[in-house]
Amino acid sequence: MQQIDAQSFNSRLKGSEPLILLDVREEIEYHTYNIGGTNIPLSQLTEKLALVAPNKSAEIIVICKAGLRSQTAQAILIQNGFTNVKNLTGGLLAMQRLQA
């Protein structure tokens, strides 16, 4: 499965290309701290697949706190026909370490 590390992800965030970010943390976590993107908690992902991206070949970067829930979400998306899904290795914790 495809991964993206925090440093590469951070560079892409600073660029001008639009990114499809899927944050699979719970709503309370998302509202406490987020870097944008669509918030669909992992527990609701299978019911809300239509909200993820405009088409199944679009690049999607899945994020969570530490990278575990996003890895599960990545597998769910791939099983449902999404073809270009990347998991943020280390999650938002890795991003916060970069900025420290």
Side-chain angles (χ1 to χ4, degrees):
M1 289 202 234
Q2 296 183 58
Q3 306 287 324
I4 186 168
D5 63 62
Q7 193 147 8
S8 300
F9 179 62
N10 195 41
S11 295
R12 292 199 53 200
L13 274 179
K14 291 178 179 175
S16 59
E17 70 175 310
L19 298 174
I20 298 175
L21 305 179
L22 175 61
D23 189 323
V24 296
R25 296 174 301 149
E26 293 301 316
E27 199 172 321
I28 187 76
E29 293 174 277
Y30 182 80
H31 289 296
T32 302
Y33 171 79
N34 72 76
I35 57 172
T38 302
N39 176 227
I40 302 175
L42 181 60
S43 60
Q44 300 171 22
L45 185 57
T46 51
E47 299 120 49
K48 297 185 176 182
L49 287 171
L51 303 175
V52 173
N55 65 68
K56 290 189 174 189
S57 63
E59 179 187 34
I60 302 163
I61 300 174
V62 189
I63 56 179
C64 69
K65 182 177 179 182
L68 297 175
R69 284 177 283 183
S70 55
Q71 193 168 14
T72 301
Q74 179 185 32
I76 290 169
L77 292 171
I78 290 169
Q79 288 168 359
N80 283 279
F82 290 87
T83 58
N84 192 5
V85 185
K86 292 184 174 81
N87 176 43
L88 175 60
T89 308
L92 291 173
L93 291 176
M95 291 294 293
Q96 289 172 323
R97 281 193 295 273
L98 267 185
Q99 297 162 358

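Remember, it's a predicted structure, so these values are computed and weren't measured experimentally.
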side-chain contact (heavy atoms from CB on, under 4.5 Å) evaluation trace for Leu88 with Asp5 | CA-CA 6 Å; Leu88 175 60; Asp5 63 62; over 6 Å; no
After noting the C-alpha distance and the side-chain angles of Leu49 and Ile40, does the key distance pass the side-chain contact (heavy atoms from CB on, under 4.5 Å) rule?
-> CA-CA 9 Å; Leu49 287 171; Ile40 302 175; over 6 Å; no
side-chain contact (heavy atoms from CB on, under 4.5 Å) between Glu26 and Ser43: does it pass, once the steps are laid out?
-> CA-CA 8 Å; Glu26 293 301 316; Ser43 60; 3.8 Å; yes
Check step by step if side-chain contact (heavy atoms from CB on, under 4.5 Å) holds for Ser57 and Asn84.
-> CA-CA 6 Å; Ser57 63; Asn84 192 5; 5.9 Å; no
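Rounding to the nearest 0.5 angstrom, the gap separating the CD atom in Gln2 from the OG1 atom in Thr83 is 9.0 Å. Separating the CD atom in Gln74 from the CG atom in Leu45 is a distance of 11.5 Å, to the nearest 0.5 Å. Residue Asp23 holds its CG atom at 7.5 Å from CD1 of Ile35, rounded to the nearest 0.5 Å. Atom CD1 of residue Ile4 and atom CD1 of residue Ile63 lie 11.0 Å apart, to the nearest 0.5 angstrom. In this structure, the separation between CG on Leu21 and CD1 on Ile60 is 10.5 Å, given to the nearest 0.5 Å. Atom CG of Leu19 and atom CZ of Phe9 lie 6.5 Å apart (nearest 0.5 Å).
Residues Thr38 and Leu51 share a closest heavy-atom pair of CG2-O, 4.5 Å. Between Ala53 and Phe82, the shortest heavy-atom distance links the atoms CB-CE2, 4.3 Å.
In this structure, Tyr30 contributes its side chain and Gly37 its backbone to a donor-acceptor pair below 3.5 Å. Remark: side-chain polar atoms of Asn80 are paired, donor with acceptor, to backbone N or O of Ile76 under 3.5 angstrom.
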Side chains of residues 93-100: which donor-acceptor pairs under 3.5 Å do they make with residues two or more places apart or in other chains?
none

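Put simply, the side chain of Asn34 does not reach to within 4.5 Å of the side chain of Asn39, judged on heavy atoms. Put simply, the side chain of Arg25 reaches to within 4.5 Å of the side chain of Leu92, judged on heavy atoms. For the pair Val85 and Val62, the minimum side-chain heavy-atom distance is below 4.5 Å.
In this structure Lys86 satisfies the salt bridge (charged side-chain N to carboxylate O under 4.0 Å, His left out) test together with Glu59, sequence neighbours excluded.
Between Arg69 and Glu29 there is a salt bridge, since a side-chain N of the basic residue sits under 4.0 Å from a carboxylate O of the acidic one.
Donor-acceptor pairing under 3.5 Å is recorded for the side chains of Asn87 and Ser70.
A continuous path of Ile, Leu, Val, Met, Phe, Trp and Tyr side chains, each step under 4.5 Å between heavy atoms, connects Leu77 with Leu42, placing both in one hydrophobic cluster. Under the 4.5 Å side-chain heavy-atom criterion for grouping Ile, Leu, Val, Met, Phe, Trp and Tyr, Ile28 is not connected to Leu68 through any hydrophobic cluster.
Atom CD of Gln7 has 12 or fewer neighbouring heavy atoms from other residues, nucleotides or ligands inside a 6.0 Å radius.
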